[in-house]
Number of protein chains: 4
Amino acid sequence: MARSTTSDDGGTGTAAGTGSGGASGGASGGGPSAAVPERLLAEATRLFAERGYDRTSVQEIVEAAGVTKGALYHYFGSKDDLLHEIYARVLRLQTERLDTIAARHEVAVPERLAEAAADVVVTSIQNLDDTKIFFRSMHQLSPEKQKAVRAERRRYHERFRSLVEEGQRDGHFRPGLRPDLVVDFFFGSVHHLGTWYHADGPLSAEQVATEFSDLLLHSVRQP
Amino acid sequence: MARSTTSDDGGTGTAAGTGSGGASGGASGGGPSAAVPERLLAEATRLFAERGYDRTSVQEIVEAAGVTKGALYHYFGSKDDLLHEIYARVLRLQTERLDTIAARHEVAVPERLAEAAADVVVTSIQNLDDTKIFFRSMHQLSPEKQKAVRAERRRYHERFRSLVEEGQRDGHFRPGLRPDLVVDFFFGSVHHLGTWYHADGPLSAEQVATEFSDLLLHSVRQP
Amino acid sequence: MARSTTSDDGGTGTAAGTGSGGASGGASGGGPSAAVPERLLAEATRLFAERGYDRTSVQEIVEAAGVTKGALYHYFGSKDDLLHEIYARVLRLQTERLDTIAARHEVAVPERLAEAAADVVVTSIQNLDDTKIFFRSMHQLSPEKQKAVRAERRRYHERFRSLVEEGQRDGHFRPGLRPDLVVDFFFGSVHHLGTWYHADGPLSAEQVATEFSDLLLHSVRQP
Amino acid sequence: MARSTTSDDGGTGTAAGTGSGGASGGASGGGPSAAVPERLLAEATRLFAERGYDRTSVQEIVEAAGVTKGALYHYFGSKDDLLHEIYARVLRLQTERLDTIAARHEVAVPERLAEAAADVVVTSIQNLDDTKIFFRSMHQLSPEKQKAVRAERRRYHERFRSLVEEGQRDGHFRPGLRPDLVVDFFFGSVHHLGTWYHADGPLSAEQVATEFSDLLLHSVRQP
DNA sequence: AATGAATGAGTATTCATTCAT
DNA sequence: GATGAATGAATACTCATTCAT
């Protein structure tokens, strides 16, 4: 059984091992020739972002992916599982990137914070569908999956907060600030990108990233 | 007919005519003795915030309000209408407050911006249910109501943006900033209060307001 | 009480006596200044013909008539009552006209039959809404009202059948025909006028009446 | 998906694929062992004829057919779809029969018209439920389905009318008659069979057919 | 690995009617 | 004579999920 209803395998398990060598296998991403689980995740992401989790029916997902319900339930234990997988994927990506940036101890804290902030803006815009889903659909996950996602999210925020705290200890950032509030302040802005940013608008992801990063840095920096 | 399906009466219409002085009338808020439309709105707000719009059934709302479905549909054209009414109410409130603050031309712009920022944080926390609903459920409104709410929201953002622009002209705020991005940056933070703030947590509304306002001001101020 | 829920007063009772001397009274027909019961009947007739009895709500009727539900229930015991009144009205009219024509014993039977046939076609077209309602909505009447209408209808058919029988006895009409079948044959055609006749089509009521009457006469006449 | 909401496949599609030879498949008609779509159609036909389309609930249909609502909606897109399917079935049958009869060019027109007339009476009586539904429920179809049925019906009438016109050209029928009116005259009679004919009455289908056909022929024939 | 028929509990909404005023 | 708020039962339709094949 490939089902992952209650699995805690970090989220890669469901799709792993399918299709290699098969006629349809191999491609990553959601193109028509991609493996079935990837295609399902890609279409689900698109549809959840477009009309919301509750308003997207399993039927619509499988039709968009060109498979049948049976196939979906072969790979995913439930609709909820699909959503959880989407969250896991984005959290994994962001955590990895933040860890890489934060670990560059040779770079001064303000530069690392600026880079981390800009990076999360860019990846949030690059995965705007995930960003939209993230803040809208958390409460539609089952309680235990919600708990798991919140825990992962908390760890991510803690790493970010550590950077702020490190900057305060080094005298770069204003000591009176509450680092947790700073993090909530900034990630509110990031999560809301999904409500107003449009790829075909006047601003590139990098422009937004630069400005958001700049605003954050000015807001915390020791004048 | 008291229905307000397409009314643009500013939202007070639904409750009008229920009679001050009547046995059931008069009270505002959602207590058990309040008028039926108010009770429905109060319970709907609570439930939408608690479990989301799509996951709240009309049945649950009327049970919580102690009336029947027929009564709900006597006052509101649809479930969607209820949600729209909630949005209209909070937008009206925030717009009024911002207008009052922004109009105090005898006060310098940074002080007015700081006050406006702190004020919207406090009222967002005081109406935390509305805040939660706002950013989660916008896309569950019917397209035309969504358009109406977005338009109203845009007007609100524009007023806020004018303050930033005024500050730039006066030389208080950094000229290189894009005022629209500043507004999106800050209101992301505000709208996300609903995802992390808890009334029984360690922070008062005023503490958050002061810190968010401070972060905003530092982020834009001419150093 | 003016209600006529179970009355057998021949159908005139409900509206009689209202409004004489009142500001709104006097006019017959359904114009905006007509008395309330007439206006209700007129709008109900129009709406029942347009969208069917079950698909017309009491709310729609009272809105079209410019009154409230309370007013409707003041004059009519039920929605069903309204429909019954419409049937009674058209049956009364047709019966009266047939009686008048059939009683002209100085005229030969074929001429009387031809005139009766043409007349019922003309009045059916002049009251096309009633004609549409008649054959579509009979089964939506309450069982007892349905019985009453059927009985009245049967009496009407019997009078018509008598003409055919009289013609057979006089040697004008073919003796082998079953008069009841002739009547059903012809009234099928008449009742179906509502499904195809349009006032703005190429045929006048009189043209249809002449041709239908001619077809009937040729179908029964002794060659 | 077996749904046929908008299908124009001539109406057989809904039942396709249920498998001849399967444990439940094969039987036509509405017996308890028939395939699910057939059983649903059979019970719907019976109930629509008995109490009308609007007064028959989907719940009643599925209970009568011994299945669940989900099963109905698996095969039919809507209640409206069921009705449309009933119309399509009867129209197909009648069109086929008329075509066969009208195509016998070796037979003189009056004989062919008489046979066609008698045949449509017999099949209308044999499918009396369909006949009842036909004239009562047309206006309860969705506008586009109504249009489709009317178009099909028009084609049927046109074929019948062609017979009349052919007879006029051949000198068998009176030249002054409007063939379209003759057709409306006759089919009014046919459609109304449902309102008065009873299988347990004194008349056999053939007796009615013979007399109706005779009345039609006499009404149009050159004396 | 995959199908698709079938389930059954759930959804928002409608509506004729009543009744205190 | 007339109002309109309120009822409560009924309505068509949806959908995540299961399971025999």
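Proteins come first, then strands; the chains are lettered A, B, ... in the order of their sequence lines, and each starts at number 1.
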Test side-chain contact (heavy atoms from CB on, under 4.5 Å) on Y53(C) and D54(D) and set out the steps. CA-CA 10 Å; Y53(C) 177 79; D54(D) 277 330; over 6 Å; no

Salt bridge (charged side-chain N to carboxylate O under 4.0 Å, His left out), that's the test. Do E60(C) and R51(C) meet it? Break it down for me. CA-CA 11 Å; E60(C) 287 169 322; R51(C) 29 184 178 282; 3.3 Å; yes

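The shortest heavy-atom contact between L83(C) and S137(C) is CD2-O, 3.9 Å.
Put simply, CZ on F76(B) is 15 Å from C1' on dA6(F), counting in whole angstrom units. Rounded to whole Å, the distance from CD on E38(B) to P on dA5(F) is 13 Å. Atom C1' of nucleotide dT13(E) and atom CD of Q59(C) are separated by 15 Å, given to the nearest angstrom. When the P atom of dT14(F) is taken as reference, atom CD of E63(A) falls 13 Å away, rounded to whole Å. Following rounding to the nearest Å, E60(C) (CD) and dT14(E) (P) show an atom-to-atom distance of 11 Å. Residue R55(B) contributes atom CZ, which lies 13 Å from atom P of dC15(F) at whole-angstrom precision. dC15(F) atom P lies 13 Å from atom OH of Y53(A), rounded to whole Å. Rounded to a whole Å, the NZ atom of K79(A) is 8 Å from the P atom of dC15(F).
E43(D) has no carboxylate O lying under 4.0 Å from a charged side-chain N of R39(D), or vice versa, which leaves the two without a salt bridge. Between K147(C) and E144(C) there is no salt bridge, since no side-chain N of the basic residue sits under 4.0 Å from a carboxylate O of the acidic one.
Taking the nucleotide of DNA chain E with the nearest heavy atom to each of D54(C) and L72(D), the more 5' of the two is matched to L72(D). Between V67(C) and V67(B), the one whose closest nucleotide on DNA chain F sits nearer the 5' end is V67(C).
Y73(B) has a side-chain polar atom (N or O) that falls below the 4.0 Å cut-off from OP1 or OP2 of dT13(E). The side chain of Y75(B) contributes no N or O atom lying less than 4.0 Å from OP1 or OP2 of dG4(F). Side-chain N/O atoms of H74(B) include one lying less than 4.0 angstrom from OP1 or OP2 on dA5(F).
In this structure, E85(B) CD and K145(B) NZ are separated by 10.0 Å, a value rounded to the nearest 0.5 Å. Note: L40(B) CG to Y73(B) OH = 11.0 Å, rounded to the nearest 0.5 Å.
Within the shown strands, dT14(F) is the pairing partner of dA9(E) under the Watson-Crick or G-U definition, both distances less than 3.5 Å. Across all strands shown, the partner of dA2(E) is dT21(F), judged by Watson-Crick or G-U wobble contacts whose two distances both fall under 3.5 Å.
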Quick test: give all pairs of protein nitrogen or oxygen and nucleotides 8-10 of chain F nitrogen or oxygen below 3.5 Å, distance rounded to 0.1 Å.
none

